[in-house]
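Chain naming here is simple, since letters A, B, ... match the order of the sequence lines and numbering starts at 1 in each. Computation of the quantities below employed the complete heavy-atom set of this structure, encompassing side-chain atoms and omitting hydrogens, waters and symmetry-equivalent molecules. The model shown is predicted, which means the values in this text are computed figures rather than measured ones.
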Amino acid sequence: MSGAKRRILGRVRDALAKRTPTAHPGDFGGWRPDGAADRDAVRGFADMLTGAGGEVVLLGSAEEARTWLADLAAGFGSAAVGAGVPDDLRPALPAAPPEEAELGVGVARSAVAETGSLVLDARDGRRTQLLPPTHLVWLRTGDVHATLRDALLALREDLPSAVGLHSGPSKSADIGQILVRGVHGPGRLIVGLVRD
Amino acid sequence: MSDTGPRGYAARARDVLRDRPEMRDSVLAATHTFDANRRAAWESIDADAWRDWMRDVKSHLLGNLDRYLEEAEARLTANGIHVHWAERARDALDVVADVAHDRGVRRAVKAKSMLSEELGVNAFLEELGVEVRETDLGEYIIQLLGEPPSHIVGPAIHRSLEDCQRLFHERLGTPRDADPETLAAAARAALRRDFLSADLGISGANFLVAETGTIALIENEGNIRLSTSVPRVHVALVGIEKLLPRFEDLSAFLQLTARAATGQPIGNYVSLIQGPRREDEPDGPEEVHVVLVDNGRTSILADERAWEALRCVRCGACLNTCPVYRQTGGHPYGWAYSGPIGAVLAPGLLGLEEAMPLPFASSLCGACADACPVRIPLPELLIYWRERAVEAGLVPAVERVGMKTYATGADLPAVFGAASGLLRRVPWELGGRALPVLGSWTGQRTAPEASPATFRKLWKKGIE
């Protein structure tokens, strides 16, 4: 044990010697005023993310998704595509490294209705999630959790080196308290929400 | 600035109030917005229940901190993260310097971290020849200006759009009247080069989960995700009080911290980091270090009253709602943490003498306690440090003697009655200002008009 560790832990134990430890309060209940939590999870997620400046497109089937993707891709010159994106949901665009691509495409592991968050896994590629100015994320309706706690409990069973919760396009109000988008991360966040 | 550190507080506060009306306007506008957003965000949840729960989790954590620190270290190590322990600021800086030296680091990008401000990371690394770039837009602005942050969450809230237009025109060549989008785009382009060429990313941590060894970081711009994903080495500086017991505990802490800070339901980006890049991942840092920093925290923990301040999640809500902070912003406080929480942490982290007069820089109105998401009893702790300061002889002798005289006199009804009778006849505008204590009090305030009769006489007659 390092000397610094021993001394710090020693001081912590001395500090706590005469104090009675209190119990952990147990599971977080996510308490809300009556009725606020009774919404459909998929609609709740879409409303929250849209409210934060994101775009959500509900797609009825994989086929509808492919048609929609072809239209969207026409507006971009190149794409960086995440490792987890299925072949049929990759845009027909020239591949480019994330720092040069106009469009980043990835898959969400899950999503959270109460916060409007996408749960993004490092196995899909972190740069693709962050460097292109527009980020398209595929999500399945069955992967939308009602609460952040539900999503975290599912996530805990298989944690990669990093998870990013993305809840809107990059934004900042650091210049004169005026909101701007796309400061470092993508200024445009689009979710292709595919029905199971 | 006449005196560095908290001791120069009064002089610096006076300078802002007298000579910098535009700075006061910026701070007032920003804090008002933050505070209004927090209030609105608390209405859509049962905020009292959330705050009770978070208070209890943090109190439990602090009461078992030795056990959770050991659990966290074991978990972090199992995740492939290098763990370092730092007793003082200098020890933490040495860890960063060693990592930078061993890995041949020439350029570092920094994710906003108040602990790194507390430790003085930037100046230290630059002296070693490492180029350090702040990447949070607000931090970037004040780094270009050579200023410290003035707020825990919004480091540049004391600067206006016009200030930024001038600064970016000089440093980045943007037009003098560029709009905020143009200014942000210029900063993005400059900092994008830094992200892609940096060897080291330095971050703090909002939380460190003992159960999973997770470093949790909250932000809005994406610079923290980039700083912890693109460079080959990541160093996270973590105060030992930042731990949380369980991964699922994040569910409340991530949400209410954001709601308290800016009114958002969650930070735009949350990073949950479990270690360096793994074989099945396309990118990420090769090496991750966590520096567990004490730097005075164990002495706060040992204090029977002040330990509650260690629950702080650094949301800035107490600053935004504080009528004293709002008038001047954070610079007069003279160190990393300002506002009510800064005044309560300073005696513990810097020493009571060094922290004077910050515990007195408050009206004790109690708004801070109402805003705190982890229910730190801030007004009580301010009073506690004031008492300690009096005991230690750190308040002016005339005030000490005056208060003692008052206490003695107030205990004796005859003396109290006679003295208050006399005071009602003091002609304040003529000679009253010469009186000890009361004189200095009325020097900056209008003396109240005395009632024609004493309270006891009025009471006997029957007050209307």
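Between chain A and the options Arg246(B), Glu162(B), Glu304(B), heavy-atom pairs under 4.5 Å are most frequent for Arg246(B). When each of Val180(A), Ile178(A), Leu159(A) is checked for heavy-atom pairs under 4.5 Å with chain B, Leu159(A) comes out on top.
For chain A, the nearby part of Leu196(B) is the side chain; its heavy atoms alone come within less than 4.5 Å. If you measure heavy-atom distances from Ala23(A) to chain B, the contacts under 4.5 Å come from the backbone alone. Contacts of Ile141(B) with chain A are made by side-chain atoms alone, with heavy-atom separations under 4.5 Å and no backbone atom involved. Of the two parts of Gln165(B), neither the backbone nor the side chain holds a non-hydrogen atom closer than 4.5 Å to a non-hydrogen atom of chain A. Heavy-atom distances place both the backbone and the side chain of Leu137(B) under 4.5 Å from chain A. When heavy atoms are compared at a cutoff of 4.5 Å, Phe195(B) approaches chain A solely by way of its side chain, counted from C-beta outward. Contact annotation for Pro276(B): only backbone heavy atoms (N, CA, C, O) come within less than 4.5 Å of a heavy atom of chain A. Only the side chain of Leu254(B) comes within contact range of chain A, with heavy atoms under 4.5 Å apart.
Side-chain atoms of His166(A) and Arg225(B) form a donor-acceptor pair, as typed in the model, at a separation below 3.5 Å.
Taking 4.0 Å as the cut-off between side-chain N and carboxylate O, Glu87(B) and Arg11(A) count as a salt-bridged pair. Comment: Arg156(A) engages Glu211(B) in a salt bridge, judged by a side-chain N to carboxylate O separation of less than 4.0 angstrom. With salt bridges taken as basic N to acidic carboxylate O contacts below 4.0 Å, none links Asp46(B) and Arg32(A). Under 4.0 Å is where a charged nitrogen must lie from a carboxylate oxygen, and between Glu221(B) and Lys171(A) no such pair does. At a threshold of 4.0 Å, the pair Arg127(A)-Glu281(B) does not count as salt-bridged, since none of the basic side-chain nitrogens sits closer than that to a carboxylate oxygen. Salt bridge Asp249(B)/Arg149(A): absent, no basic N to carboxylate O contact under 4.0 Å.
Between the side chain of Glu248(B) and the backbone N or O of Leu153(A), no donor-acceptor pair lies under 3.5 Å. Side chain of Trp50(B) to main chain of Trp31(A): a donor-acceptor pair is present (N/O by atom type, distance under 3.5 Å, no hydrogens or angles).
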